[in-house]
Amino acid sequence: MGAQLRVYKRRIKSVSATKKITKAMEMIAASRVVKAQRRVAASTPYATELTRAVTAVATGSNTQHPLTTEADNPARAAVLLVTSDRGLAGGYSSNVIKAAEQLTERLTAQGKEVDTYIVGRKGVAYYGFRERKVTESWTGFTDNPTYADAKKIAGPLIEAVLQATAEGGVDELHIVYTEFVSMLTQSPVDSRLLPLSLEDTAEEQARKGEILPLFDFEPSAEDVLDALLPRYVESRIYNALLQAAASKHAATRRAMKSATDNAEELIKSLTRLANAARQADITQEISEIVGGASALADASAGSD
């Protein structure tokens with residue numbers, strides 16, 4: 001019994017150490033998610049207004065721009081998948097990867113070839129393990145993305161759309177990321193960034209009661225679109241990176257809280273088992289003492 005009690009004590013000590021680590025990680029994630037949530041709230045209005053401006057320019061002119069014009073027979077699409085560099089976040093990365101797989105299947109069913117671009121080591125590892133082709137990838141900044149990171153990602157994607165008719169060009173650009181809804185809810189979403197769907201954007205603004213302002217274009221609508229659309233793609237990717245970062249921190253916080261709660265329950269269970277083992281040791285010792293005393297008493301009575 002003594003050996004079993006020592007085993008329980010070692011396990012309690014080990015689980016207690018793990019609990020301290022998960023509790024610390026939970027507190028760190030909680031502080032990070034608040035900062036990330038503020039950055040999401042700060043970047044969303046800019047992305048929204050930029051989308052309105054691009055829509056106003058595109059609908060207010062007859063300019064046929066490659067970033068707003070639908071291809072007659074789209075044959076190739078680019079999918080940007082935003083995952084995490086780190087784990088310990090429950091099903092965060094696996095859920096968004098699953099959403100990207102579903103989008104790829106839909107595009108393939110439509111007869112389109114898919115070029116995959118990935119942000120985050122988890123996505124890169126997933127595709128690498130399955131030996132799937134990845135056109136380009138970026139890692140190392142998913143916990144705290146900057147606008148410079150979004151600009152770095154947007155560059156080759158815009159170039160691929162502009163070269164739609166050339167080798168390596170694409171007709172569509174989609175992005176898959178995790179939208180931060182609340183501290184308890186983070187949902188994988190996919191959206192098409194390019195070509196910009198003017199009808200859908202106009203309908204959404206009409207539902208909100210928004211009226212597009214009238215603009216005069218200098219030097220021309222095409223030049224304005226050339227300047228605005230790269231900013232539009234960069235801002236949307238930046239907002240998606242921030243949403244994904246906030247979602248990842250929230251998922252980490254939830255996973256670490258669950259791990260901490262499980263550690264507490266395991267410690268309680270092991271403590272009960274250790275107490276039972278200790279009581280069994282004490283009972284056995286008392287029994288041995290009583291048995292020894294009885295044996296001595298019987299021996300004394302026999303000698304008398």
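All figures in this text were calculated on a predicted structure; none of them were measured in a lab. This chain uses plain numbering: 1 for the first residue, then up along the sequence.
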Task: Glu113/Arg76 ion pair, N-O < 4.0 Å - done: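 Arg76 and Glu113: salt-bridged.
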Task: Single hit among Leu81, Thr116, Val124 for side-chain contact (heavy atoms from CB on, under 4.5 Å) with Ser137 - done: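 The single option meeting the side-chain contact (heavy atoms from CB on, under 4.5 Å) with Ser137 is Val124.
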Distance, nearest 0.5 Å, that separates [atom1] of [X] from [atom2] of [Y]:
X      : Y      : atom1 : atom2 : value
Leu193 : Leu229 : CG    : CG    : 11.0 Å
Asn262 : Lys257 : CG    : NZ    : 10.0 Å
Ile21  : Ser16  : CD1   : OG    : 11.5 Å
Thr260 : Met27  : OG1   : CE    : 10.5 Å
Gln110 : Lys112 : CD    : NZ    : 4.0 Å
Ser191 : Leu103 : OG    : CG    : 9.5 Å

Can you see whether [X] engages [Y] through a side-chain donor-acceptor pair at a distance of less than 3.5 angstrom?
X      : Y      : answer
Thr139 : Asp85  : no
Glu101 : Tyr126 : yes
Asn239 : Thr44  : yes
Ser93  : Thr83  : no
Asp261 : Ser258 : no
Glu234 : Tyr147 : yes

- [ ] Take atom NZ of Lys20 as the centre, draw a 6.0 Å sphere, and report whether it contains more than 12 heavy atoms from other residues, nucleotides or ligands.
- [x]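 Result for NZ/Lys20: open.
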Open item on the list: What verdict does the side-chain contact (heavy atoms from CB on, under 4.5 Å) test give for Tyr8 and Thr271, after you've listed the backbone C-alpha separation in whole Å, the side-chain angles of each residue and the deciding distance to 0.1 Å?
Closed with: CA-CA 8 Å; Tyr8 287 140; Thr271 300; over 6 Å; no
Treat each ILVMFWY residue as a node, draw an edge where side-chain heavy atoms are under 4.5 Å apart, and state whether [X] and [Y] are in one component.
X      : Y      : value
Val134 : Val82  : no
Leu80  : Ile118 : no
Tyr46  : Tyr177 : yes
Tyr92  : Met25  : no
Val114 : Val170 : no

Is a side-chain donor or acceptor of [X] paired with a backbone partner of [Y] at a separation under 3.5 angstrom?
X      : Y      : value
Arg253 : Met256 : no
Asp149 : Pro145 : no
Ser235 : Tyr232 : yes
Gln186 : Phe180 : no
Thr22  : Thr18  : yes
Thr185 : Val181 : no
Asp171 : Ala77  : no

Which pair of non-hydrogen atoms, one from [X] and one from [Y], has the smallest distance, and what is that distance?
X      : Y      : answer
Leu88  : Ala255 : O-CB, 4.1 Å
Leu107 : Val79  : CD1-CG2, 3.8 Å
Ala99  : Val176 : CB-CG1, 3.9 Å
Ile158 : Pro230 : CD1-CA, 3.6 Å
Lys19  : Ile267 : CD-CD1, 4.1 Å
Ala246 : Val40  : CB-CG2, 4.2 Å

Does some side-chain heavy atom of [Y] sit less than 4.5 Å from a side-chain heavy atom of [X]?
X      : Y      : value
Val119 : Ile153 : yes
Ile237 : Val233 : yes
Thr142 : Leu241 : no
Arg231 : Leu50  : yes
Thr178 : Lys248 : no
Tyr238 : Ser43  : yes
Ile175 : Arg236 : no
Asp143 : Arg86  : yes

Open item on the list: Go through it in stages, so that I can follow the logic: the residues are Val7 and Arg10, the test is side-chain contact (heavy atoms from CB on, under 4.5 Å), and I'd like the CA-CA distance, side-chain angles, deciding distance and then a yes or no.
Closed with: CA-CA 5 Å; Val7 170; Arg10 281 198 299 269; 3.5 Å; yes
Open item on the list: Under the rule for side-chain contact (heavy atoms from CB on, under 4.5 Å), what residues qualify as partners of Glu136, not counting sequence neighbours?
Closed with: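 For Glu136 the side-chain contact (heavy atoms from CB on, under 4.5 Å) partners, ignoring immediate neighbours, are Tyr117, Trp138, Pro156.
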Open item on the list: For residues 28-43, which residue pairs pass the salt bridge (Lys or Arg N to Asp or Glu O under 4.0 Å) check, not counting sequence neighbours?
Closed with: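 Listed once each, the pairs would be none.
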TODO: Would you list the pairs meeting ring-ring contact (aromatic ring centres under 6.0 Å, His included) in which at least one residue belongs to residues 243-283, sequence neighbours left out?
DONE: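 As it turns out, there is no ring-ring contact (aromatic ring centres under 6.0 Å, His included) pair with a partner in residues 243-283 once direct neighbours are skipped.
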- [ ] Check step by step if side-chain contact (heavy atoms from CB on, under 4.5 Å) holds for Asp190 and Arg106.
- [x] CA-CA 12 Å; Asp190 65 82; Arg106 292 201 304 271; 3.3 Å; yes
- [ ] Any chance you could lay out the side-chain contact (heavy atoms from CB on, under 4.5 Å) test for Phe141 and Thr146, step after step, and finish with the verdict?
- [x] CA-CA 8 Å; Phe141 54 79; Thr146 64; over 6 Å; no
